[in-house]
Engineer: 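Structure below; questions to follow.
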Amino acid sequence: MEIIVNGESMSIDKPVTVGQLIALRNEGSGGIAVARNGKLVRRQDWDHTQVDNGDDIVIIKAAYGG
């Protein structure tokens, strides 16, 4: 299955949820926002939102400082 994560193509072997994708990429869970195909995925929905072939996922991490 091919998806786009932060503008880069990524192949995954099996269907995953947004939460599983975050874990797979070792992103942690604090200070992260996720959009799937241009729509925000609420944190409480991560484990119930399936990532489908061709999806465009944007993972945004908060940065401290200025």
Engineer: What distance separates Met1 CE from Ile12 CD1, expressed to the nearest 0.5 Å?
Structural biologist: 3.0 Å
Engineer: Given the rule in the side-chain contact (heavy atoms from CB on, under 4.5 Å) test, do Thr17 and Thr49 qualify, once you have shown the distances and angles that lead to the verdict?
Structural biologist: CA-CA 5 Å; Thr17 65; Thr49 302; 5.9 Å; no
Engineer: Without swapping roles, check the side chain of Asp56 against the backbone of Asn37 for a donor-acceptor pair under 3.5 Å.
Structural biologist: no
Engineer: So does Ile3 get a backbone contact from the side chain of Asp55, meaning a donor-acceptor N/O pair under 3.5 Å?
Structural biologist: no
Engineer: List the atom of Val34, the atom of Leu40, and the distance in Å for their closest heavy-atom pair.
Structural biologist: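 Minimum heavy-atom separation between Val34 and Leu40: O-CD1, 3.4 Å.
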Engineer: Quick one: which of Leu24, Ile4, Val51 gives a side-chain contact (heavy atoms from CB on, under 4.5 Å) with Met10?
Structural biologist: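 Of the listed options, the one satisfying the test is Leu24.
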Engineer: Which is it for Asn6 and Val58 under the side-chain contact (heavy atoms from CB on, under 4.5 Å) test, yes or no, and what are the steps along the way?
Structural biologist: CA-CA 5 Å; Asn6 292 348; Val58 177; 3.8 Å; yes
Engineer: When you measure from the side chain of Gln50 to the backbone of Val16, do you find a donor-acceptor pair of N or O atoms at a distance under 3.5 Å?
Structural biologist: yes
Engineer: According to a 4.5 Å side-chain heavy-atom criterion applied to Ile, Leu, Val, Met, Phe, Trp and Tyr, with indirect links allowed, do Ile32 and Val41 form part of one hydrophobic cluster?
Structural biologist: yes
Engineer: Would you say Glu2 has more than 12 foreign heavy atoms packed within less than 6.0 Å of its CD?
Structural biologist: yes
Engineer: Hey, could you give me the CG/CZ distance between Leu21 and Arg36, rounded to the nearest 0.5 Å?
Structural biologist: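 Going from CG on Leu21 over to CZ on Arg36, the span is 11.5 Å.
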Engineer: So Glu27 and Val5, side-chain contact (heavy atoms from CB on, under 4.5 Å) or not? Walk me through it.
Structural biologist: CA-CA 12 Å; Glu27 297 286 350; Val5 179; 5.9 Å; no
